[in-house]
Engineer: 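This is the structure I have questions about; it appears just below.
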Amino acid sequence: MKQASPFEIVAARCWNLLNEGKPFTPIFTLSVFLLYRLDQWTDSGFWAAAGLGLLCILPLLMLYYHFDFPLFLRNYLWFPVVAALLLWQPGNLSLYAAAIGLYMFFTVFFWGTFYYRMRIGTSWWNFRRFWKLVLKNSDSTSGNAQEQLPKVILLLLLWNHFYELFPLGSERRFMGVFGEEWLILACFTACLWLYSWILHRNLFDWKPKETESLTSEPERTGNAVNDKVIVIVIDGMRKERFEEADAPFLKKLRQEGTQYTQMETVYPARTVVCFSSMFTGAYPKEHGIRSNMVWKLGIRVESIFDSLRKVGKRGRLLGIAHLIDSMGDDVESVTAVMHNDRADRNIMDRAKKIMAEQNPDLFVVQMIGVDQTGHSMGVLYDEYLQKIAEADRLVEEFVEWLTSKGMMENTTLVICADHGQADGIGGHGHLDEGERFVPFFLHGPSIKQGCRVDERHSLISMAPTLAYLLGAPYPSASRGKVLTDAFKS
């Protein structure tokens with residue numbers, strides 16, 4: 001399996017500008033307005049009028065970049081639109097119709113059909129399902145119609161209104177525009193900031209509770225419990241759907257090992273954020289990765305890979321290009337541009353090659369087929385269960401191969417997901433139903449058999465637990481609790 005090319009790495013970062021809701025809103029609003037006025041681009045007064053109008057709504061663009069409105073909070077976005085309609089004339093209705101049409105084209109056909117067809121081989125008929133997923137999606141991505149459309153309509157309404165206050169070629173007095181009209185806009189903007197702050201202050205209350213103290217127990221003796229630890233992360237595997245899936249090998253491992261039934265992901269539950277927290281033991285505010293769109297490359301704290309280097313050991317992470325943005329050279333990248341039916345097979349073939357050639361002490365494998373199926377086809381359909389079943393067979397084959405090579409004799413195997421997936425386009429980030437708790441279990445000679453831990457834990461426990469098992473120091477910013485409930489005495 002080939003590595004992600006430099007072009008793919010850059011392309012993945014660029015795509016996040018359109019995937020993440022924060023940058024998408026201003027980019028899409030700007031694109032719609034300019035495309036709608038395409039015939040006026042050559043007019044000498046167009047750019048000045050459009051620029052002044054854009055300047056008027058700049059505080060609103062900043063507001064919608066700062067505040068997310070996921071889950072039920074998106075229901076409150078229509079009130080500012082109604083208020084704006086009462087204060088200003090509706091304006092050009094065809095502009096809003098164009099915005100809705102372009103939005104549905106981008107999400108349903110370009111993204112949900114063309115993009116997934118080119119990247120992972122989804123059917124050309126995927127749009128027949130994807131439009132429903134976009135309308136259901138509750139996460140703050142570009143694919144959340146119920147959040148993006150009221151934002152875009154409000155921004156276009158006001159931009160268009162102030163643009164038309166500067167008729168092309170007119171000598172209209174500048175201060176006249178910024179008299180009563182500006183005062184009304186300033187009051188409206190201030191009220192919307194206050195409104196958003198109050199909503200988030202009082203209703204944005206579903207974030208996981210964070211641990212304040214650093215990892216300190218149990219004290220390290222310097223002795224490793226295991227020769228190796230292998231972590232298989234089945235990206236986006238929703239917990240209750242895993243229970244429904246035909247996955248006999250994974251469930252056998254769980255039954256013979258120790259499972260954590262209340263293992264909670266971090267917030268926001270984006271893939272790069274979750275991996276960064278899992279392998280540093282730190283929260284996003286500490287490691288600096290707050291979304292899949294990584295503006296400043298690299299985590300700000302020590303990772304488990306850094307800890308292993310301190311004791312002369314080596315870890316590798318086999319994953320998609322996004323993870324390079326946080327973990328850098330510790331990542332063995334894989335291309336995500338392939339048919340989704342072959343993706344996990346190719347990843348596991350590459351995993352065997354890495355184990356045979358490099359034999360790392362810690363090996364983390366990211367399987368992507370389940371997550372990509374959820375995003376492209378939804379999590380409540382049979383295809384999602386089938387992809388979990390395929391992952392089960394591939395993990396079984398990989399473990400059998402490791403056993404045949406003598407690599408499982410004193411090895412702990414950790415199986416988990418980085419996050420679940422919600423309804424709609426398999427969204428994840430703001431912990432809707434199906435996202436918060438993930439499958440998590442350990443198996444190996446040093447792990448208790450048939451043990452079930454029902455106490456709530458966090459995925460930040462991954463890094464310190466790996467450090468303990470491999471005799472390495474805890475990463476310096478780790479706040480996770482070592483999963484000692486799973487260890488044999």
Side-chain angles (χ1 to χ4, degrees), residues 15-16 18-25 28 64 68-78 100 102-117 119-120 122-123 125-152 204 206 234-242 244-245 265 267-271 273-274 291-293 340 368-388 417-438:
W15 176 249
N16 275 329
L18 298 178
N19 181 45
E20 292 287 333
K22 287 179 180 291
F24 173 81
T25 303
F28 184 73
Y64 281 150
D68 288 313
F69 288 81
L71 283 59
F72 64 87
L73 285 185
R74 60 189 176 167
N75 299 329
Y76 293 89
L77 283 169
W78 286 109
I100 295 171
L102 286 171
Y103 177 80
M104 297 307 290
F105 171 80
F106 170 76
T107 55
V108 175
F109 184 77
F110 181 80
W111 178 6
T113 306
F114 177 78
Y115 169 79
Y116 279 128
R117 174 68 182 184
R119 179 183 164 187
I120 63 174
T122 305
S123 166
W125 296 99
N126 200 49
F127 63 87
R128 294 186 300 178
R129 179 186 297 177
F130 206 80
W131 71 269
K132 294 183 288 186
L133 304 181
V134 168
L135 293 180
K136 288 181 179 180
N137 185 35
S138 63
D139 195 43
S140 286
T141 64
S142 57
N144 183 345
Q146 295 185 56
E147 178 177 5
Q148 291 299 331
L149 288 180
K151 285 182 175 181
V152 169
F204 210 100
W206 57 83
I234 304 176
D235 197 318
M237 184 166 67
R238 181 164 164 165
K239 192 170 185 288
E240 61 266 34
R241 296 296 276 167
F242 169 60
E244 299 171 21
T265 190
Y267 178 89
R270 298 276 194 257
T271 295
V273 179
C274 294
S291 75
N292 284 345
M293 183 68 246
N340 203 35
I368 63 175
V370 172
D371 184 72
Q372 293 190 152
T373 298
H375 284 309
S376 61
M377 308 189 76
V379 301
L380 301 182
Y381 294 87
D382 290 342
E383 293 92 341
Y384 186 78
L385 293 180
Q386 291 168 5
K387 198 55 66 175
I388 295 175
D418 53 341
H419 53 72
Q421 288 186 291
D423 199 0
I425 59 171
H428 51 87
H430 291 274
L431 306 185
D432 199 355
E433 181 181 358
E435 297 180 44
R436 183 180 293 267
F437 296 103
V438 300

Engineer: Please report the interatomic distance CG(Asp235) to CD(Gln421), rounded to the nearest 0.5 Å.
Structural biologist: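 It is 7.5 Å, given to the nearest 0.5 Å.
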Engineer: What is the minimum heavy-atom distance between Thr113 and Ser123, and which atoms define it?
Structural biologist: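 Heavy atoms of Thr113 and Ser123 come nearest at CG2-O, 4.1 Å.
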Engineer: Applying side chain to side chain contact (heavy atoms under 4.5 Å, CB included) to Asn340 and Thr122, what does each step give before you reach the verdict?
Structural biologist: CA-CA 8 Å; Asn340 203 35; Thr122 305; over 6 Å; no
Engineer: Taking Gly112's backbone N and O only, do any of them form a donor-acceptor pair with Trp131's side chain (distance below 3.5 Å, no angle check)?
Structural biologist: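 No, the answer is negative, given that no donor and acceptor are paired below the 3.5 Å cut-off.
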Engineer: Going from OG on Ser142 to CG on Asn19, what distance comes out if it is rounded to the nearest 0.5 angstrom?
Structural biologist: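 Between atom OG of Ser142 and atom CG of Asn19 there are 5.0 Å.
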Engineer: Taking the side chain as every heavy atom from C-beta outward, state whether Thr271 and Asn292 have any atom pair closer than 4.5 Å.
Structural biologist: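 A side-chain contact under 4.5 Å exists here.
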Engineer: For Trp78, which residues count as a ring pair (Phe, Tyr, Trp, His ring centres under 6.0 Å) partner, sequence neighbours excluded?
Structural biologist: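 Testing Trp78 for ring pair (Phe, Tyr, Trp, His ring centres under 6.0 Å), a comparison that skips the adjacent residues, returns none.
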Engineer: Are any side-chain N or O atoms of Arg119 and backbone N or O atoms of Tyr116, one a donor and one an acceptor, separated by less than 3.5 Å?
Structural biologist: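 No: the side chain of Arg119 does not pair with the backbone of Tyr116.
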Engineer: So, taking the atom named CG in Leu149 and the one named CE in Met104, what distance separates them when rounded to the nearest 0.5 Å?
Structural biologist: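 The distance works out to 7.5 Å.
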Engineer: Do the non-hydrogen side-chain atoms of Tyr384 and Glu244 ever get within less than 4.5 Å of each other?
Structural biologist: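 No, every pair of side-chain atoms sits at 4.5 Å or beyond.
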Engineer: Heavy atoms, side chains only, cut-off 4.5 Å: are Val134 and Trp111 in contact?
Structural biologist: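 No, too far: nothing below the 4.5 Å cut-off.
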Engineer: Would Lys151 and Phe28 count as a side chain to side chain contact (heavy atoms under 4.5 Å, CB included) if you check the C-alpha gap in whole Å, the side-chain angles of each, and the deciding distance to 0.1 Å?
Structural biologist: CA-CA 11 Å; Lys151 285 182 175 181; Phe28 184 73; over 6 Å; no
Engineer: Check whether Tyr267 reaches the backbone of Arg436 with its side chain - one donor and one acceptor, N or O, closer than 3.5 Å.
Structural biologist: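 No, because the side chain of Tyr267 does not come within donor-acceptor range (under 3.5 Å) of the backbone of Arg436.
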Engineer: Between Asp432 and Ala422, what is the shortest heavy-atom contact and its length?
Structural biologist: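 Heavy atoms only, the tightest pair is CB-CB, 3.8 Å.
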Engineer: Val152 vs Tyr103, test: side chain to side chain contact (heavy atoms under 4.5 Å, CB included). Steps then yes/no.
Structural biologist: CA-CA 10 Å; Val152 169; Tyr103 177 80; over 6 Å; no
Engineer: Once rounded to the nearest 0.5 Å, what's the spacing between atom NZ of Lys387 and atom CD1 of Ile368?
Structural biologist: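 Lys387 NZ to Ile368 CD1: 10.0 Å, rounded to 0.5 Å.
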Engineer: Do you know the tightest heavy-atom contact between Ser291 and Val273?
Structural biologist: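 Closest approach of Ser291 to Val273: N-CG2, 3.3 Å.
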Engineer: Can you find a pair of side-chain heavy atoms, one from Asp423 and one from Glu433, that are under 4.5 Å apart?
Structural biologist: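 Asp423 does not reach Glu433 side chain to side chain.
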Engineer: Rounded to the nearest 0.5 Å, what separates atom CD in Glu20 from atom OG1 in Thr25?
Structural biologist: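 One finds 11.0 Å between CD of Glu20 and OG1 of Thr25.
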Engineer: Please confirm whether the backbone N or O of Gly429 pairs with a side-chain atom of Glu435, one donor and one acceptor, at under 3.5 Å?
Structural biologist: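 Side chain of Glu435 to backbone of Gly429: a pair is present.
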Engineer: Might you point out which heavy atoms bring Phe204 and His430 nearest each other, and give the distance in Å?
Structural biologist: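 In this case the closest contact between Phe204 and His430 is CZ-ND1, 3.9 Å.
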Engineer: Side chains of Asn137 and Asn144: closer than 4.5 Å at any heavy-atom pair?
Structural biologist: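 With C-beta onward as the side chain, the pair touches.
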Engineer: Can you list everything that forms a ring pair (Phe, Tyr, Trp, His ring centres under 6.0 Å) with Phe110? Sequence neighbours excluded, please.
Structural biologist: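 With sequence neighbours excluded, Phe110 shows a ring pair (Phe, Tyr, Trp, His ring centres under 6.0 Å) to Phe106, Phe114, given in chain and number order.
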Engineer: Between the side chain of Arg241 and the main-chain N/O of Tyr381, is any donor-acceptor distance below 3.5 Å?
Structural biologist: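 Such a contact is found between Arg241 side chain and Tyr381 backbone.
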Engineer: For Leu431 and Thr265, run side chain to side chain contact (heavy atoms under 4.5 Å, CB included): C-alpha distance rounded to whole Å, both residues' side-chain angles, the deciding distance at 0.1 Å, then the answer.
Structural biologist: CA-CA 9 Å; Leu431 306 185; Thr265 190; 3.6 Å; yes
Engineer: Sort out for me which residue in His375, Arg238, Arg270 forms a side-chain hydrogen bond (donor to acceptor under 3.5 Å, both in side chains) with His428.
Structural biologist: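 Of all the options given, the one that passes is His375.
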Engineer: Would you give the length of the straight line joining atom CG of Leu73 to atom OH of Tyr76, rounded to the nearest 0.5 angstrom?
Structural biologist: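 Between Leu73 CG and Tyr76 OH, I get 7.5 Å after rounding to 0.5 Å.
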Engineer: Under a 3.5 Å threshold, yes or no: a donor from one side chain and an acceptor from the other, between Asn126 and Ser376?
Structural biologist: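 No.
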Engineer: Work out which heavy atom in Asp418 is nearest to a heavy atom in Cys274; give both atom names and the distance.
Structural biologist: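 Closest approach of Asp418 to Cys274: O-SG, 3.3 Å.
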Engineer: Tell me the closest heavy-atom pair linking Gly426 and Val379, and the distance in Å.
Structural biologist: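 Nearest heavy atoms, Gly426 then Val379: CA-CG1, 4.1 Å.
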Engineer: State whether a side-chain donor-acceptor pair under 3.5 Å links Ser140 with Glu147.
Structural biologist: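 Short answer, yes.
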